[in-house]
Amino acid sequence: MMSDEEWESVQKKYGSLIYMIAHRIGGDPAVSGFDDNVQELYISAFDACEAYERKTSLGFEEFFSTEQFDKYIKSVMWNKKNNQGKQITKKKN
């Protein structure tokens, strides 16, 4: 479980990236609106933090500012965007 300070750190560092990625998710707004996309990406980012902590056995403070984690969380969010777009396209057809 993430603390409030950790959550704020994620928002501060990756918030603008999350909004930028959410704008790029295409499809019907009725199926997946911008606000829904933002929330899904935040959930993915938080899940990525917990998964990275489990995999590396490092604390949040230890891994959060590393280059490896930065690459990992960005990959997770872009993969979420790509998968979300695929699902919207399938439902649209």
Side-chain angles (χ1 to χ4, degrees):
M1 185 70 127
M2 293 181 70
S3 69
D4 290 340
E5 293 82 20
E6 294 168 348
W7 183 62
E8 289 174 12
S9 296
V10 171
Q11 282 184 311
K12 208 178 265 188
K13 187 169 183 179
Y14 297 106
S16 59
L17 177 64
I18 287 173
Y19 279 94
M20 192 261 306
I21 293 172
H23 275 294
R24 293 182 180 212
I25 297 175
D28 184 4
V31 176
S32 180
F34 174 74
D35 292 333
D36 294 333
N37 294 334
V38 169
Q39 293 302 318
E40 290 290 328
L41 288 166
Y42 268 115
I43 290 169
S44 295
F46 299 139
D47 288 344
C49 290
E50 290 179 357
Y52 197 83
E53 189 171 3
R54 279 193 315 268
K55 289 179 184 179
T56 62
S57 300
L58 297 172
F60 183 85
E61 309 299 331
E62 296 171 307
F63 70 75
F64 187 70
S65 60
T66 64
E67 184 179 342
Q68 293 84 8
F69 175 72
D70 191 53
K71 290 178 183 179
Y72 176 77
I73 194 168
K74 287 177 181 178
S75 295
V76 167
M77 288 188 288
W78 280 108
N79 285 335
K80 178 64 176 177
K81 179 250 181 220
N82 293 335
N83 291 335
Q84 187 79 7
K86 284 181 195 175
Q87 291 174 358
I88 291 170
T89 303
K90 286 179 185 177
K91 289 179 183 178
K92 189 176 178 182
N93 292 336

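- In terms of heavy-atom proximity, Ala22 sits nearest to Asn37 at O-ND2, 3.8 Å.
- Atom CD of Glu8 sits about 11.0 Å away from atom CD of Glu6, to the nearest 0.5 Å.
- Applying the side chain to side chain donor-acceptor pair (under 3.5 Å) criterion to Glu40, with sequence neighbours excluded, gives Lys80.
- Using a 4.5 Å cut-off on side-chain heavy atoms (C-beta onward), Arg24 and Trp78 make contact.
- Partners of Glu61 by salt bridge (Lys or Arg N to Asp or Glu O under 4.0 Å), not counting sequence neighbours: none found.
- Side-chain contact between Met77 and Leu17: present, with at least one pair of heavy atoms (C-beta onward) separated by less than 4.5 Å.
- The backbone N or O of Gly59 lies less than 3.5 Å from a partner atom in the side chain of Glu62, making a donor-acceptor pair.
- Under the rule for a salt bridge (Lys or Arg N to Asp or Glu O under 4.0 Å), Lys12 has no partner lying at least two apart in sequence or in another chain.
- Residues that satisfy the salt bridge (Lys or Arg N to Asp or Glu O under 4.0 Å) test with Lys74, not counting sequence neighbours, are Asp70.
- In this structure, Ile43 is not a member of the same hydrophobic cluster as Met20, with clusters built from ILVMFWY side-chain heavy atoms closer than 4.5 Å.
- What you find for Phe69 and Phe63 is that their closest heavy atoms are CB-O, 3.2 Å.
- A distance of 9.0 Å separates OH of Tyr72 from OH of Tyr52, quoted to the nearest 0.5 Å.
- Nearest heavy-atom pair across Ile18 and Leu41 is O-CD1, 3.5 Å.
- In this view, Glu5 and Ser3 satisfy the side-chain contact (heavy atoms from CB on, under 4.5 Å) rule, not counting sequence neighbours.
- Across every non-hydrogen atom of Ser44 and Val76, the tightest pair is O-CG1, 3.8 Å.
- Taking NZ of Lys81 as the reference point, atom CG of Asn79 lies at 10.5 Å (rounded to 0.5 Å).
- Legend: residues meeting side-chain contact (heavy atoms from CB on, under 4.5 Å) with Val10, ordered by chain and number and at least two apart, are Met2, Tyr14, Ala45, Phe46, Cys49, Phe60, Phe64.
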